[in-house]
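To find a chain, count down the sequence lines: A is the first, B the second, and so on, and within it residues start at 1. Just so you know, these numbers come straight off a predicted model, no measurement behind them.
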There are 2 protein chains.
Amino acid sequence: MSIETDIKQNKFRNAYQRLALNILYTSNWLEYQQMETLKAYDITSQQYNVLRILRGQKQNPIKVSDITERMLDRNSNTSRLVDKLLAKNLAKRTSCPSDRRAVDVVITEEGLQLLSELDPFVDAWEERYSIITPEEADQFSAMLDKLRESGK
Amino acid sequence: MSIETDIKQNKFRNAYQRLALNILYTSNWLEYQQMETLKAYDITSQQYNVLRILRGQKQNPIKVSDITERMLDRNSNTSRLVDKLLAKNLAKRTSCPSDRRAVDVVITEEGLQLLSELDPFVDAWEERYSIITPEEADQFSAMLDKLRESGK
DNA sequence: ATACATTTAATGTCAAAACATCTATTTATA
DNA sequence: TATAAATAGATGTTTTGACATTAAATGTAT
């Protein structure tokens, strides 16, 4: 369905306005799709995002501030997100030996297990994208990079 | 800056994963840019979104449920968003004569005034997009439409 | 070495989002 | 028409987000 139909707006000021609204709308749509799946596993998309970052680190500890830098949404309170993961035994936290202010975070076996249960869903999400070619996807990504660049 | 650098992830599973993360990241970025401006005018981006919908209706009343359908983020509580606009005299609410359950919402002069003060900022946002051509923007929009279509 | 600034993460507070429930009205059906 | 179902929007509750502040550790400059 076109963005026009989706948000019931049949004329936009120009192609750029349509694009901006489409990015915002599609992002909300993507997040909603994701949430639908995650709900059954009792984690939020923010928590999932942190878990993915932790898994990407393998077993190398990562500091809370470094997690924040890698997040899609930087405004969230990473400290409290980690608290939530801790409470569910999905991550563990030890104080960093080289800098006693910092805290090292590592994913647990249980966290890895949860992620591997979720992987098939992620594969399914990505499969849907095959409606566009990988080349198109890359062009697209490059364009988004350019857009953000313009706003510095 | 590329999405790789931005979220410090140097390899993605494939072009589709990169694209998905890029859409989510860029959307957050766009919203943050917008919020920076709106903060000075004491409204949230959700409230701004509702005001824009009201202005688009000219002086034709629109029901709360119809506002919801046109919103970029449908999960917000439109009832309470309208309350906020009411409290600031940016919108007015009258009960709908043809359906006494429904409520008609209209933007006020003050609301129109606020939007017109914000318009120059919106123009500036859109000007940044000129780094891509209108044709590219349209291609891009069509691609986003296709992506959402695939997930029905 | 001391004083001051910076970094790191945790916490406090308030507003907003998420989600369920409730009331009033309208629509559909027996 | 009587009853059930659906719809509109308001409200209650809990969780999360936004933003400022704090405490401890580290870095820097004199």
message: Once you apply a heavy-atom cut-off of 4.0 Å, does A:Asp83 come out as touching a base, just sugar-phosphate, or nothing?
response: nothing

Rounded to whole angstroms, how far apart are [atom1] on [X] and [atom2] on [N]?
X: A:Asn49; N: D:dT16; atom1: CG; atom2: C1'; value: 15 Å
X: A:Asn28; N: C:dA16; atom1: CG; atom2: P; value: 18 Å
X: A:Gln34; N: C:dA18; atom1: CD; atom2: P; value: 14 Å
X: A:Leu38; N: C:dA18; atom1: CG; atom2: P; value: 14 Å
X: A:Lys39; N: D:dT16; atom1: NZ; atom2: P; value: 13 Å
X: A:Asp42; N: D:dT16; atom1: CG; atom2: P; value: 9 Å
X: B:Asp73; N: C:dA16; atom1: CG; atom2: C1'; value: 11 Å
X: B:Asn77; N: D:dG12; atom1: CG; atom2: C1'; value: 11 Å

- prompt: So do A:Gln17 and A:Lys11 actually touch side chain to side chain, heavy atoms under 4.5 Å?
  reply: no

Please list, pair by pair, any protein nitrogen or oxygen found under 3.5 Å from a nitrogen or oxygen in nucleotides 1-7 of chain C.
{"from": "C:dT7", "atom 1": "O2", "to": "A:Arg101", "atom 2": "NH1", "distance (Å)": "2.7"}

Using modelled atom types only, decide if a donor and an acceptor are shared between the side chain of [X] and the backbone of [Y] within a distance under 3.5 Å.
X: B:Glu136; Y: B:Thr133; value: yes
X: A:Asn22; Y: B:Ser141; value: yes
X: A:Asn89; Y: A:Glu110; value: no

query: The side chain of B:Ser65 lies closest to which of these nucleotides: D:dA8, C:dC19, D:dT11?
result: D:dA8

message: Nearest to the side chain of B:Thr44, heavy atoms from C-beta on, is which of C:dA9, C:dA16, D:dG9?
response: C:dA16

Residue pair B:Ile3 / A:Asp145: nearest heavy atoms and the distance that separates them: N-OD1, 3.2 Å

Distance below 4.0 Å between [X] side-chain N/O and [N] OP1 or OP2:
X: B:Gln46; N: C:dA16; result: no
X: B:Arg93; N: D:dA10; result: yes
X: B:Lys84; N: C:dA15; result: no

field: Residues B:Lys84 and B:Gln46: side-chain donor-acceptor under 3.5 angstrom
entry: no

query: How do A:Gln47 and A:Asp99 order along DNA chain D: which one's closest nucleotide is nearer the 5' end?
result: A:Gln47

query: Any donor-acceptor pair under 3.5 Å joining the side chain of A:Arg80 to the base of C:dG12?
result: yes

task: Kindly write out the residues that satisfy side-chain contact (heavy atoms from CB on, under 4.5 Å) with A:Gln113, not counting sequence neighbours, or none if the list is empty.
output: A:Ser116, A:Glu117

